[in-house]
Amino acid sequence: MARYTTLRLGGPAGRLEIATDAIEIVRRVREAEARDEAVLLLAGGSNVVIGDQGFPGTVVLVRSRGFQVVATDADTVTVRVAAGEPWDDLVAATVERGWAGLECLSGIPGSAGATPIQNVGAYGQEVAETIVAVEAYDRTHREVVRLAAADCGFAYRGSVFKYSDRWVVLSVDFQLTRSPLSGPVRYAELARALGVEVGDRVPLADARATVRRLRAGKGMVLDPADPDTRSVGSFFTNPVLDREAYELLRERAVDVGEPPHWPGPGDVVKVSAAWLIDKAGFGKGYAGPEGVAISTKHTLALTNRSGAASTAALVALAREIRDGVHARFGVPLHPEPVLINCTI
Ligand SMILES: Cc1cc2nc3c(=O)[nH]c(=O)nc-3n(C[C@H](O)[C@H](O)[C@H](O)COP(=O)(O)OP(=O)(O)OC[C@H]3O[C@@H](n4cnc5c(N)ncnc54)[C@H](O)[C@@H]3O)c2cc1C
């Protein structure tokens, strides 16, 4: 499977099927079920870590394409996007047409259909803000259903779809705003790079170009020539701590400074995983076995730098980092990608 993942890791598939439209996706899944085989949906392969043993069942490669406008009013446009549509192509098309809502999610690899799975987010925007419905095949009841956003259980890097075999996403409806300007810029680093204040709006194309530039500087836009991008993006989510746990962290971090944090929903704080990793002694470029390493551009990205590593080596590095952060700060780190036939 290595050639189908951005990490370039993963052993063989039992069977590999390509599905180019929604009907074919459902048919492939049902055929595999009829053979009593496990099923793995795979699109861009940019958020999975597949074990060296591979996947013994059927892998369905989601390759459906296209989007269409399904509703409009004076202020908004609703687009229905096929699951396999490359995400950044969609963002580019919406920016070009003057539809706001996805611009800060520019440059993220993978497919549109995978964005609801972990409620993809970056630079102060997440897809939960614009998704109004998800069309999915429900493997439990063997029917195609349309889930309203409220039924998707969107949370920070999560939803009802993540870690669940039940749902096969077929298309996603995004409601976007007709506007030449972005939504209010929420992310301080992005505002600085744009030369505006947090809360200001900027032309959509400027938001997109600046986000892509910032991302490229961190190795967060896929580039075959850059081994720092042979990753799944962020390997760990930012820990969400209650007040008490956060105060304990501050005490343990007193010699290295105030941990960067943001208020979360309710009385919780989100802490920077990159900061914890760095301060625990795992800086940019920190190397593990077989040429796996922390990206030289971003502490949160673990890379198959050599291009010749095994999943076991990457997982060993992830474990070392997780255990090191826990020993130093008492904070558990959790992986962001979906782990398939491997564990950290
Ligand atoms: C360089 C880089 C930067 C990244 N930056 C970000 C970022 O800023 N923010 C962010 O949130 N993520 C980021 N990611 C992670 C990743 O790009 C996103 O999570 C993306 O949405 C994954 O899409 P994919 O098509 O590659 O999914 P895949 O990796 O193919 O699949 C991911 C999971 O979704 C499931 N899945 C995929 N398609 C379907 C479907 N149609 N139906 C049901 N299940 C499905 C798979 O089974 C798997 O469990 C980054 C990754 C990389 C490599």
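Counting starts at 1 for both ligands and their atoms, following the listed order. Atoms considered below: every heavy atom in the structure, side chains included; atoms not considered: hydrogens, waters and symmetry mates. In this chain, residues are counted from 1 in sequence order.
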**Report entry** Proximity winner for atom 20 (C) of ligand 1, if only heavy atoms of Ala19, Gly44, Pro109, Ala22 are counted
**Finding:** Pro109

Query - Distance-only side-chain donor-acceptor flag, Arg157 / Ser234, under 3.5 Å - result: no

Report summary line: Logged contact type for Trp87 with ligand 1, heavy-atom cut-off 4.0 Å, is neither

Query raised in the report: For the residue pair Lys279 and Phe329, what are the closest heavy atoms and their distance?
Result: CB-CZ, 3.6 Å

Requested in this report: Could you tell me which atoms of ligand 1, counted from 1 in the order shown, lie closer than 4.0 angstrom to a heavy atom of Met220?
Outcome: 1 (C), 3 (C)

Requested in this report: May I ask you to identify the nearest protein heavy atom to atom 27 (O) of ligand 1, giving residue, atom name and distance to one decimal place in Å?
Outcome: Ala114 CB, 3.4 Å

Query raised in the report: Does a donor on one side chain sit under 3.5 Å from an acceptor on the other, for Asp226 and Thr229?
Result: no

Query - Non-hydrogen side-chain atoms of Trp167 and Leu147 separated by less than 4.5 Å - result: yes

Query raised in the report: Does the side chain of Thr78 reach to within under 4.5 Å of the side chain of Thr72, using non-hydrogen atoms?
Result: no

Report task. For the pair Trp87 and Phe174, name the ring-plane relationship: parallel under 30°, tilted 30 to 60°, perpendicular over 60°. Result -> tilted

Query raised in the report: Which of the numbered atoms in ligand 1 are below 4.0 angstrom from a heavy atom of Leu40?
Result: 47 (O)

Report summary line: Counting from 1 in the order shown, the ligand 1 atoms closer than 4.0 Å to a non-hydrogen atom of Gly233 are 2 (C), 3 (C), 4 (C), 50 (C), 51 (C), 52 (C), 53 (C)

Query raised in the report: Asn47 to ligand 1: N or O pair under 3.5 Å?
Result: yes

Report task. Identify, by atom number and element, the atoms of ligand 1 in contact range of Val168, meaning under 4.0 Å from any of its heavy atoms. Result -> 42 (N), 43 (C)

Report task. Around atom 19 (O) of ligand 1, find the nearest protein heavy atom and jot down its residue, atom name and distance. Result -> Gln118 NE2, 3.1 Å

Query raised in the report: Glu126 and Tyr156: side-chain donor and acceptor closer than 3.5 Å?
Result: no

Report summary line: For atom 42 (N) of ligand 1, the closest protein heavy atom turns out to be Val169 N, 2.8 Å

Query raised in the report: Nearest heavy-atom pair of Tyr187 and Gly124: which atoms, and what distance?
Result: CD1-N, 3.8 Å

Query raised in the report: Under 6.0 Å from the CD atom of Glu197, do we count more than 12 heavy atoms belonging to anything else shown?
Result: no

Report summary line: Logged contact type for Val232 with ligand 1, heavy-atom cut-off 4.0 Å, is backbone

Requested in this report: Indicate the ring-plane relationship of Tyr246 and His261, choosing parallel, tilted or perpendicular according to the 30° and 60° boundaries.
Outcome: tilted

Query raised in the report: What are the atoms of ligand 1, with element, lying closer than 4.0 Å to any heavy atom of Gly110?
Result: 23 (O), 24 (P), 25 (O), 26 (O)

Report summary line: Residue, atom and distance of the protein heavy atom nearest atom 39 (C) of ligand 1 read Leu41 CB, 4.1 Å

Query raised in the report: Can an N or O of Val221 be found at a distance shorter than 3.5 Å from an N or O of ligand 1?
Result: no

Report task. Determine whether the side chain, the backbone, both or neither of Ala43 has a heavy atom under 4.0 Å from any heavy atom of ligand 1. Result -> both

Query raised in the report: Judged by modelled atom types alone, do His326 and Asp323 share a side-chain donor-acceptor pair under 3.5 Å?
Result: no

Query raised in the report: Considering only the protein, which heavy-atom contact is closest to atom 18 (C) of ligand 1, and what is its distance?
Result: Val120 CG2, 3.9 Å

Query raised in the report: With no hydrogens and no angle check, do the side chains of Asn119 and Ser159 hold a donor and an acceptor under 3.5 Å apart?
Result: no

**Report entry** Proximal ligand 1 atoms for Val338, defined as those under 4.0 Å from one of its heavy atoms
**Finding:** 49 (O)

Query raised in the report: Who's the nearest protein heavy-atom neighbour of atom 22 (C) of ligand 1, and how far?
Result: Ser46 OG, 3.3 Å

Query raised in the report: Side-chain heavy atoms under 4.5 angstrom apart, residues restricted to Ile, Leu, Val, Met, Phe, Trp, Tyr: same cluster for Val169 and Val120?
Result: yes

Query raised in the report: To which protein heavy atom is atom 3 (C) of ligand 1 closest, and what is the distance rounded to 0.1 Å?
Result: Arg215 NH2, 3.4 Å

Query raised in the report: Which bit of Val48 gets closer than 4.0 Å to ligand 1, counting heavy atoms only: side chain, backbone, both or neither?
Result: both

**Report entry** ligand 1 N/O within reach of Ser111 N/O, cut-off under 3.5 Å
**Finding:** yes

Query raised in the report: Are any of the N or O atoms of Gly121 closer than 3.5 Å to those of ligand 1?
Result: yes

Report task. Would you mind listing which atoms of ligand 1 come within a distance below 4.0 Å of any non-hydrogen atom of Thr6? Result -> 53 (C)

Query raised in the report: Side chains of Leu249 and Val271: closer than 4.5 Å at any heavy-atom pair?
Result: yes

Requested in this report: Identify, by atom number and element, the atoms of ligand 1 in contact range of Trp167, meaning under 4.0 Å from any of its heavy atoms.
Outcome: 43 (C)

Query raised in the report: Nearest protein heavy-atom contact for atom 13 (C) of ligand 1: which residue, which atom, what distance?
Result: Ile108 CG2, 3.8 Å

Requested in this report: Please determine if Glu189 and Lys218 form a salt bridge, counting it only when a charged side-chain N lies under 4.0 Å from a carboxylate O.
Outcome: yes

Requested in this report: Have a look at ligand 1 and work out which part of Ile117, if any, has a heavy atom under 4.0 Å from it: side chain, backbone, both or neither.
Outcome: side chain

